[in-house]
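Below: the structure, in structure tokens.
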Amino acid sequence: MERLSWHQYFMAQSHLLALRSTCDRLTVGATITRDNRIIAGGYNGSISGGVHCSDEGCYVIDGHCVRTIHAEMNAILQCAKFGVPTEGATIYVTHFPCLQCCKAIIQSGIKKVYYAKDYRNHPYAVQLFQEANVHTEQIELDEMILEAKGKEKLEFIAELLNRLTEAGVNEEEVKTFYEKASALFSD
């Protein structure tokens, strides 16, 4: 069995954290690491003990939900709350950080940002990361690592579809099965 890379391990952790999100608009997770050890994690949601968007809807002003604290900020604040230094740390985020989170990441001393998906990448955030010498890199999560026996399931479905074709099943019907299988294993 091939060992999971550190990047995939920490990105998977961020995607798991995103499952705790209470935001109805976008679920985001963030994991802060140092020396290949997790030092904090966060997801986007309301303040502790506050009303959640998933319960009462988003509180939107000027196109932004003001109720939600972003995942990156929650992870950084967790470090502050428990006295964990972030200088020289790395953050793994499910989505490219917004401008405000970009500034918080820089101010906290985090030096590397790995994100899985582009999301409204603000040009000024990109510029600020470059000026602050913060390495940013997109590392998509191989979602099959979160799927129990995902590779085996995908191979089995492919084998079944091939056998249907070999058995002379209507080409359009096999195509429909293929499209359904593809949808199950994609975003």
- Check for a donor-acceptor pair, side chain of S14 on one end and backbone N or O of T31 on the other, with a separation under 3.5 Å. yes

- Query: Is a side-chain donor or acceptor of N170 paired with a backbone partner of E172 at a separation under 3.5 angstrom?
  - Reply: yes

- Message: Hydrophobic clusters here meaning ILVMFWY residues chained together by side-chain heavy-atom distances under 4.5 Å, can you tell me if F10 and I91 are in one?
- Response: no

- Message: If you compare all heavy atoms of M11 against all heavy atoms of I139, which two are closest, and at what distance to 0.1 Å?
- Response: CE-O, 3.4 Å

- Query: Are Y119 and L128 in one and the same hydrophobic cluster, where Ile, Leu, Val, Met, Phe, Trp and Tyr link if side-chain heavy atoms are under 4.5 Å apart?
  - Reply: yes

- Message: Could you check whether any side-chain N or O of T33 sits under 3.5 Å from a backbone N or O of N36, counting only pairs where one atom can act as donor and the other as acceptor?
- Response: no

- Message: Treating N121 as the side-chain partner and F96 as the backbone partner, does any N or O pair qualify as donor plus acceptor under 3.5 Å?
- Response: no

- Query: Other hydrophobic cluster members with I61, side-chain heavy atoms of Ile/Leu/Val/Met/Phe/Trp/Tyr under 4.5 Å, chained?
  - Reply: Y59, V66

- Note on the structure: Tightest non-hydrogen contact, residues I32 and A89, listed as CG2-CB, 3.8 Å

- Between A40 and A75, what is the shortest heavy-atom contact and its length? CB-O, 3.6 Å

- Task: Over all heavy atoms of both residues, which pair between Q78 and I39 is shortest? Give the atoms and the distance, please.
- Result: OE1-O, 4.4 Å

- Item | Spacing of OG belonging to S48 relative to NZ belonging to K81, to within rounding of 0.5 Å | 5.5 Å

- Sequence neighbours left out, what pairs pass side-chain hydrogen bond (donor to acceptor under 3.5 Å, both in side chains) with at least one residue falling in residues 63-77? none

- If you measure from CD on E137 to NE2 on H7, what distance do you get to the nearest 0.5 Å? 6.0 Å

- Item | H135: ring pair (Phe, Tyr, Trp, His ring centres under 6.0 Å) partners, not counting sequence neighbours | Y114

- Determine whether Y124 and Y115 fall in the same hydrophobic cluster, where Ile, Leu, Val, Met, Phe, Trp and Tyr are linked whenever their side-chain heavy atoms lie under 4.5 Å apart. yes

- State whether the number of non-hydrogen atoms from other residues, nucleotides or ligands found under 6.0 Å of Q138 atom CD is greater than 12. yes

- CG (L26) and SG (C65) are apart, to the nearest 0.5 Å, by 11.5 Å

- Message: For the backbone of E140 and the side chain of Q8, can you confirm whether one donor and one acceptor N or O come within less than 3.5 Å of each other?
- Response: yes

- Report yes if the side chains of C58 and R25 come closer than 4.5 Å at any heavy-atom pair, otherwise no. yes

- Message: Just so I know, are the side chains of I76 and I105 near enough to count as touching, which here means a heavy-atom distance under 4.5 Å?
- Response: yes

- Task: Evaluate the criterion side-chain contact (heavy atoms from CB on, under 4.5 Å) for residue pair C23 and S54; output intermediate values, then yes/no.
- Result: CA-CA 6 Å; C23 178; S54 56; over 6 Å; no

- Message: More than 12 heavy atoms of other residues, nucleotides or ligands under 6.0 Å from CD1 of I47: yes or no?
- Response: no

- Note on the structure: Rounded to the nearest 0.5 angstrom, the CZ-NZ distance for F129 and K112 is 14.5 Å

- Task: Please report the closest heavy-atom contact between A125 and L99, naming both atoms and the distance.
- Result: N-CD1, 3.8 Å

- Message: Around atom CG of D35, are there more than 12 heavy atoms from other residues, nucleotides or ligands closer than 6.0 Å?
- Response: no

- Message: Counting neighbours of CD on E171 that are heavy atoms of other residues, nucleotides or ligands and sit closer than 6.0 Å, is the number greater than 12?
- Response: no

- Would you check if K117 and T94 make a side-chain contact, meaning some heavy-atom pair closer than 4.5 Å? no

- Where do A18 and T27 come nearest, in terms of heavy atoms and distance? O-CB, 3.6 Å

- ILVMFWY cluster, W6 and V113 together (side-chain gap under 4.5 Å): no

- Using modelled atom types only, decide if a donor and an acceptor are shared between the side chain of S21 and the backbone of N44 within a distance under 3.5 Å. yes

- Query: Counting heavy atoms not belonging to K111, are there more than 12 under 6.0 Å from its NZ?
  - Reply: yes

- So, the side chain of T86 versus the backbone of S108: is there a donor-acceptor pair under 3.5 Å, distance only? yes

- Indicate, with yes or no, if I38 and L4 share a hydrophobic cluster defined by side-chain heavy-atom contacts under 4.5 Å among Ile, Leu, Val, Met, Phe, Trp and Tyr. yes

